[in-house]
Amino acid sequence: MNNLSFSELCCLFCCPPCPGKIASKLAFLPPDPTYTLMCDESGSHWTLHLSERADWQYSSREKEAIECFMTRTSKGNRIACMFVRCSPNAKYTLLFSHGNAVDLGQMSSFYIGLGSRINCNIFSYDYSGYGASSGKPTEKNLYADIDAAWVALRTRYGIRPENVIIYGQSIGTVPSVDLAASIDKISKITSPVLIIHGTEDEVIDFSHGLALYERCQRPVEPLWVEGAGHNDVELYGQYLERLKQFVSQELVNL
């Protein structure tokens, strides 16, 4: 794991399910790519082109805040990475592992909106076989993908481990928990953990969120979103408010 001491990590934020079960129970569903990355002659600058299916919701000015590039994993795949500068004075950067059936193009508008509202920058990546990333999506590739993303975030942008929030959304919980724990699994994480789960999740039962919370060494107050399903948690007002509290109060007071 690149000589990283995970005890240095500031915090972990993840949306359930239980990591050991999600990859085997849910099929990977990479969508048709909603973006392309074009490299210039120098090989160092990549330009992001979004298709209509990406549903970009902002102007070209906001798009200038997004930097994309490719990096290689230990499994030999090349994965697409995206750094979104949402705030000039952001203390924290979310290392965001997105959910199933979406890619970076579809998530780009969400990243702009989320980061600007909670005063954090966002670094994300596409799993092997998703978007512009090569290879096939497998559980082992997930771990290699996030390892490569972590190295790229640290080396390219010089962000310190204590200023990184590891955020896993749905299937993104699997690599997120593995990165933070490095071994069998959430009970080994020594960083503060915020769990958010909808009580009416029709894909991953609410009991998975409870199980993760009960096994955490350092859980903060979880957010159980009453009535929320698997894909609409972010639409509830308490989701954003709880994230703001986590970033601006609970982490500051560590």
Side-chain angles (χ1 to χ4, degrees), residues 1-4 6 9 12-37 39 46 48 54 67-84 93-108 110-111 122-157 161 164-186 188-189 203-204 208 212 230-231:
M1 295 299 294
N2 307 300
N3 299 318
L4 172 65
F6 288 103
L9 285 172
L12 167 80
F13 171 78
C14 62
C15 294
C18 288
K21 300 178 181 179
I22 179 63
S24 61
K25 286 195 173 183
L26 289 183
F28 291 99
L29 298 171
D32 291 335
T34 66
Y35 70 96
T36 57
L37 294 179
C39 188
W46 297 81
L48 171 68
E67 179 182 353
C68 293
F69 61 93
M70 303 293 291
T71 192
R72 192 171 295 277
T73 77
S74 62
K75 299 294 185 181
N77 296 322
R78 299 184 75 211
I79 61 169
C81 297
M82 174 180 286
F83 187 71
V84 186
T93 297
L94 270 63
L95 174 49
F96 198 111
S97 298
H98 60 67
N100 209 352
V102 294
D103 65 11
L104 290 177
Q106 291 165 297
M107 293 298 292
S108 56
F110 174 78
Y111 292 155
I122 296 180
F123 183 88
S124 190
Y125 62 102
D126 261 338
Y127 312 124
S128 296
Y130 281 67
S133 298
S134 67
K136 297 181 179 180
T138 66
E139 183 178 358
K140 290 184 178 180
N141 275 341
L142 283 183
Y143 303 144
D145 295 342
I146 197 171
D147 288 350
W150 169 260
V151 171
L153 174 61
R154 295 278 289 112
T155 58
R156 191 179 183 100
Y157 300 102
V164 176
I165 299 174
I166 304 175
Y167 185 127
Q169 179 189 54
S170 187
I171 201 172
T173 299
V174 179
S176 296
V177 170
D178 190 76
L179 177 68
S182 185
I183 49 179
D184 189 49
K185 298 291 186 189
I186 200 162
K188 304 295 183 180
I189 297 172
V203 177
I204 302 298
H208 288 249
L212 285 181
H230 189 68
N231 295 313

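Not counting sequence neighbours, the partners of Tyr127 by the ring-ring contact (aromatic ring centres under 6.0 Å, His included) test are His98, Tyr125, Tyr130. For Ser134, the side-chain contact (heavy atoms from CB on, under 4.5 Å) test picks out Asn77, Arg78, with sequence neighbours left out. Under the ring-ring contact (aromatic ring centres under 6.0 Å, His included) criterion, Phe96 pairs with Tyr111, Tyr167, sequence neighbours left out. Partners of Arg156 under the salt bridge (Lys or Arg N to Asp or Glu O under 4.0 Å) rule, at least two apart in sequence or in another chain, are Glu67. Every residue two or more places apart in sequence or in another chain that forms a side-chain contact (heavy atoms from CB on, under 4.5 Å) with Ser74 is listed here: Ala144.
One finds the CZ atom of Phe69 at 13.0 Å from the CG atom of Leu48 (value rounded to the nearest 0.5 Å). Within the model, atoms CG of Asn141 and CD1 of Ile79 stand 9.5 Å from one another, a figure rounded to the nearest 0.5 Å. Considering CG of Asp145 and NZ of Lys140, their distance stands at 14.0 Å, rounded to 0.5 Å. Here the OG1 atom belonging to Thr73 is positioned 11.0 Å from the CG atom belonging to Leu142, to the nearest 0.5 angstrom.
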I'd like a table of donor-acceptor pairs (distance under 3.5 Å, sequence neighbours excluded) in which one partner is a side-chain atom from residues 27-35, with atom names and distances.
residue: Thr34; atom: OG1; partner: Asp103; partner atom: OD1; Å: 2.6
residue: Thr34; atom: OG1; partner: Asp103; partner atom: OD2; Å: 3.3
residue: Thr34; atom: OG1; partner: Gln106; partner atom: N; Å: 3.3
residue: Tyr35; atom: OH; partner: Asp126; partner atom: OD2; Å: 2.5
residue: Tyr35; atom: OH; partner: Ala132; partner atom: N; Å: 2.9

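Listed for the Ser133 side chain is no donor-acceptor partner under 3.5 Å among the backbone atoms of Gly129. Counting only distance, with no hydrogens or angles, the side chain of Ser176 and the backbone of Gly172 share a donor-acceptor pair below 3.5 Å. Although no hydrogens or angles enter the test, the distance criterion places no donor-acceptor pair under 3.5 Å between the side chain of Thr93 and the main chain of Ile122.
A 4.5 Å side-chain heavy-atom check between Leu104 and Ser124 finds at least one atom pair inside the cut-off. Taking the side chain as every heavy atom from C-beta outward, Ile165 and Leu95 never approach each other to under 4.5 Å. At a threshold of 4.5 Å between non-hydrogen side-chain atoms, the residues Ser97 and Ile146 count as touching. Here the side chains of Cys39 and Met70 are not in contact, with every heavy-atom distance at 4.5 Å or above. At least one side-chain heavy atom of Ser108 sits under 4.5 Å from a side-chain heavy atom of Met82.
Classified by interplanar angle (parallel below 30°, tilted 30° to 60°, perpendicular above 60°), the ring pair Phe83/Phe123 is tilted.
At a cut-off of 3.5 Å, with distance as the only test, no side-chain donor of Ser170 or Asn100 sits close to an acceptor on the other residue.
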